[in-house]
Amino acid sequence: MSVDTRAGTTKGLAVGGLGLRLRWRTILVVGCAAALLLLAVAAHIGLGSYRIPLGEVFEVLLGGGAESQRGAVLDVRLPRALVGVLVGAALGLAGALFQSISRNPLASPDVLGITWGASVGAVTVIAFAGSYGQLSGFADGVGVPLASLLGGLLAGLALYGLSWRRGIDGYRMVLIGIGIAAVGANLVFWLLTVGDVQVAARAMTWLTGSLAAAGWGDVPAVALAVGVLAPLTLFGARVLGVLRFGEDTARGLGVRVNLSRTVLLLLAVLLAAVATAAAGPIGFVALAAPQIALRLCAVAGPPLGASMVLGATLTVCADLAARTLPGVELPVGVYTAVLGAPYLMFLLIRSRREARV
Amino acid sequence: MPEQSAAAGNSLATRRRRRLTGLVVLVVALLLAALASVAFGERNIPLSAVWHAIFTPSGTEFDIIVGALRIPRTLLGLAVGIALGVAGALMQGHTRNPLADPGLLGVTQGAAFAVVLSITVFGMTYVSGQVLFAFAGALIASAVVFALGSVGRGGATPVTLALAGATISWLLLGLTSALVLLDQRGMEVYRFWRIGSLARSEYESAATVLPFLLVGLVLAVLNTPGLNTLALGEDIAKGLGQRVRLTRFVGLGAIALLTGSAVAACGPIAFVGLVVPHIARGITGADYRWLVPYAGLLGAILLLVADVLGRVLAADRFEVGIMLTVLGAPAFIYLVRSVRLVRL
Amino acid sequence: MTDGTGVAGEADPRQRLRAEQLRLSYGGPLVVDGLDLEVAEGTVTSVIGPNGCGKSTLLRALGRLLAPKGGSVLLDGERIDKMRTREVAKVLGLLPQSPQAPEGLTVADLVARGRHPHQTWYRQWSSSDDAAITEALAQTGMDGYAERAVDQLSGGQRQRAWISMALAQGTELLLLDEPITYLDLAHQVEVLDLVRRLNTERRVTIVMVLHDLNLAARYSDRLIAMRDGHILADGAPGEVLTEQHLAEVFGLQAMVVPDPVAATPMVVPISATGVEHHPESDSSNHPAEVA
């Protein structure tokens with residue numbers, strides 16, 4: 001506990017209106033991660049089979065550049081990078097929320113069933129609406145994301161509704177989540193065996209999480225969702241910090257525990273469902289970003305802002321690898337773990353301080 | 001005072017008797033489930049014919065169904081159910097995390113990756129080869145997780161183990177996805193392997209991992225007293241003369257062997273290992289010497305019942321993994337909502 | 001230094017536990033540096049000192065929970081880290097600060113775990129275990145609560161349940177880290193009466209960390225006052241609890257008067273102007289408790 005108190009007394013920057021007290025170390029982590037993110041986005045736009053030098057990338061973004069460059073940047077690469085940033089941020093934030101509410105580092109949208117609900121929706125459409133693994137037009141462009149969003153939200157509502165019993169209890173929620181995830185996962189596995197192998201492969205691509213098809217059409221929905229939900233969530237940061245001390249302390253400090261948990265849980269579900277609908281269940285981000293953030297910032301629980309930025313950075317870096325590494329292009333979900341896992345392991349080994357969540 | 005002391009002594013004995021009775025009840029239930037698993041299926045076999053097939057087989061049609069299909073399938077379910085239930089109880093004890101399934105050590109993903117690797121890279125087509133690859137993959141993955149989770153001062157702790165396991169699992173899942181996306185032969189096998197099934201074409205190859213499973217069971221039983229002390233915190237455990245690192249090592253070794261052989265034999269059926277310990281804990285409380293056998297028996301019962309129901313209700317069109325969650329998950333959720341749970 | 005009641009008449013009591021040039025740390029700076037200490041058989045010793053002085057750390061090292069950076073701890077003349085830990089557990093019991101029982105664990109189950117060092121893998125219980133458990137429960141007056149869950153007990157009952165567990169271990173030495181924290185005064189006295197009874201009736205040698213100076217003085221044969229990882233005063237309560245020592249150890253201005261009941265020294269605080277703050281060396285800051 002003394003670690004917490006010391007963290008609280010560290011000098012920091014008071015952001016007047018919000019009443020947030022930010023620690024220098026957190027600011028530094030967020031700053032570095034944001035810089036890395038910017039660099040990754042620039043590389044994402046510049047690199048590829050058609051290379052554009054860094055300087056010209058910014059020129060194009062500011063309205064200049066050659067016609068061919070404008071086409072590659074503005075029509076193809078920029079929207080993909082943007083969706084990556086937004087989806088990664090949403091996943092990082094959702095993961096931080098789930099982990100904080102349940103006080104369990106393993107609680108991520110996958111384990112709790114949200115992404116499996118989304119997957120059931122998407123894979124159902126893929127398995128039954130197309131033929132020979134081909135989907136086109138309406139079913140592909142609107143059907144899959146919509147089905148996935150509905151599936152994710154349904155799973156989230158089930159998680160919330162079934163966990164509620166005179167309040168939301170983190171432990172009970174986690175166990176209910178296991179049950180929902182198990183049903184969802186096995187439905188998906190079964191759906192994979194129903195159709196022929198091309199359908200399964202296509203579904204598998206979606207299940208791994210891919211940004212390959214991301215275009216401007218995906219940006220507004222995700223941007224709107226993240227733009228509205230993220231600020232709401234960040235307002236809850238103070239409440240989360242208090243909830244971490246335990247229910248009674250939180251009540252004593254004047255927090256309406258059940259209301260706060262409900263709101264934060266629903267926000268987390270929405271974020272996870274929107275992100276999954278846009279790009280499929282990109283794995284590992286929601287688990288890793290908060291855990292990396294809390295170790296880098298040396299705080300007791302997952303810091304929301306840093307988790308969000310790190311989630312975006314991890315996702316964009318992974319997609320950069322997916323796009324530019326030689327060979328067949330693999331979905332981004334393959335690389336989030338390949339890139340993120342060694343780094344999280346490194347942090348885990350280096351900082352043997354036990355993480356409290 | 002003396003009467004009270006006598007009462008305390010009596011209650012100790014009473015409780016032991018009650019727990020022993022419960023164990024006997026479970027054994028009887030398991031035998032019934034096994035009998036049902038032999039008798040019911042696409043074709044129901046009368047008990048007299050089952051008797052005949054087991055003790056005086058003479059090559060009748062029923063004898064062949066029972067001897068070549070039903071009994072191997074039942075034994076496989078029995079072994080795998082016990083293994084997963086026991087491994088799940090140990091896993092949740094060692095990580096002190098209710099979300100820990102026996103595959104958390106990277107066992108499931110290690111086995112999956114090895115199976116896919118054996119097909120896509122080494123062109124393996126024999127089921128027996130796949131089983132061995134799966135087992136090796138499971139053991140290697142869990143060894144890596146244990147090594148990573150225990151580097152540094154203080155050795156393995158619940159949090160580092162859980163995170164190391166989850167991280168390595170994700171890494172392997174990513175690599176597996178890459179392999180199956182690049183090679184459709186891998187996908188073809190993987191999508192069926194992934195569900196987990198007791199219906200096997202070759203029961204002999206599944207049986208090759210049985211010795212490891214038995215070793216795992218012995219280690220698990222040896223581990224329970226130590227786990228009891230660890231549940232009181234590492235300081236108390238050390239104070240009671242328990243060697244903490246050794247206890248962790250034996251426990252995780254048992255989990256790796258049990259889960260590895262179960263997954264190798266019939267694919268990942270994680271749900272048993274996840275759910276059964278919660279139910280067992282509700283019955284026995286936190287004493288692992290009782291919890292572990294209860295979890296093993298419950299795991300076997302659950303798996304056999306799900307398999308029988310799959311055969312009877314859906315003509316074996318749904319694999320046991322699916323039946324298990326479709327029937328088991330709602331029951332589990334109901335249980336979580338209605339019973340005051342014993343927490344870890 | 002052993003003029004207390006516990007060593008009735010023996011000329012040269014056996015030294016059970018000894019620390020030699022002990023240097024302790026939690027990976028960072030040294031918390032205890034070059035400490036020597038001997039604990040005589042059949043005595044009750046209390047370690048006192050301000051927060052962060054290293055007294056809990058010392059107790060952990062004596063109980064082999066913390067490996068020393070230098071020096072050694074000897075149990076009956078043998079290096080404790082070279083002994084089989086199970087053999088140590090048959091002689092030396094310990095109770096850390098505010099231990100946590102898993103939810104739903106009954107008192108009987110908890111106390112039964114104290115028998116762990118006496119059990120083998122093939123013999124998980126015996127009638128002697130049952131007898132020891134029953135007696136441990138009776139000693140602490142917990143026999144009526146055997147079937148109750150530990151987490152549903154009151155603070156005093158819970159502490160008695162944990163002490164029962166340590167008793168069931170049946171050791172001749174017992175290390176207790178703040179055994180009366182969070183208890184009300186009546187329960188504090190009750191627990192310390194139990195400690196005293198164990199000492200006189202079963203000749204258990206006890207070393208404990210206490211915060212309450214007056215109770216420490218009343219229930220101990222010997223006090224050890226620590227500050228900044230060193231022993232500043234060591235001896236009978238009357239020798240240690242002086243106004244000068246209190247100023248040195250705690251930065252506390254106080255009057256010491258005889259306890260009207262037990263005639264042991266009693267501290268009446270006046271002011272704490274001399275207290276220094278050591279935020280970085282808070283004793284509760286070691287990793288085991290962050291867990």
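Quantities reported herein were computed from a predicted structural model and do not represent experimental measurements. A, B, ... follow the sequence lines: proteins, then strands. Residue 1 opens every chain.
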Passes side-chain contact (heavy atoms from CB on, under 4.5 Å), B:Asp287 versus C:Arg113? Steps please. CA-CA 9 Å; B:Asp287 187 340; C:Arg113 286 185 194 180; 4.0 Å; yes

When heavy-atom pairs shorter than 4.5 Å are enumerated against chain B, which of C:Gly93, C:Pro96, C:Ala131 gives the highest number? C:Pro96

What pair of heavy atoms forms the shortest contact from C:Thr85 to B:Arg243, and how long is it? CG2-CG, 3.3 Å

Specify the closest pair of heavy atoms between C:Pro102 and B:Ala286, including all atoms of both residues, with the distance to one decimal. CB-CB, 4.3 Å

Take B:Lys238 and C:Leu94 through the side-chain contact (heavy atoms from CB on, under 4.5 Å) test and state the conclusion after the steps. CA-CA 9 Å; B:Lys238 281 185 205 161; C:Leu94 57 90; over 6 Å; no

Report which part of [X] has an atom under 4.5 Å of a heavy atom belonging to chain B: side chain, backbone, both, or neither.
X	result
C:Leu175	neither
C:Thr106	side chain
C:Met142	neither
C:Pro117	both

Neighbour count >12 (heavy atoms, 6.0 Å) for atom CD, C:Gln100: no

Given side chains that start at C-beta, do those of B:Leu232 and C:Leu110 come closer than 4.5 Å, heavy atoms only? yes

Residue set satisfying side chain to side chain contact (heavy atoms under 4.5 Å, CB included) with B:Val250, at least two apart, ordered chain then number -> B:Leu219, B:Asn223, B:Leu246

Spatial distance of atom CG (B:Asp235) from atom CD (C:Gln97) [nearest 0.5 Å]: 10.5 Å

The criterion is ring-ring contact (aromatic ring centres under 6.0 Å, His included); which residues satisfy it with C:Tyr145, sequence neighbours excluded? none

Counting only N and O atoms by type, is there a donor-acceptor contact under 3.5 Å from the side chain of C:Gln169 to the main-chain atoms of B:Gly239? yes

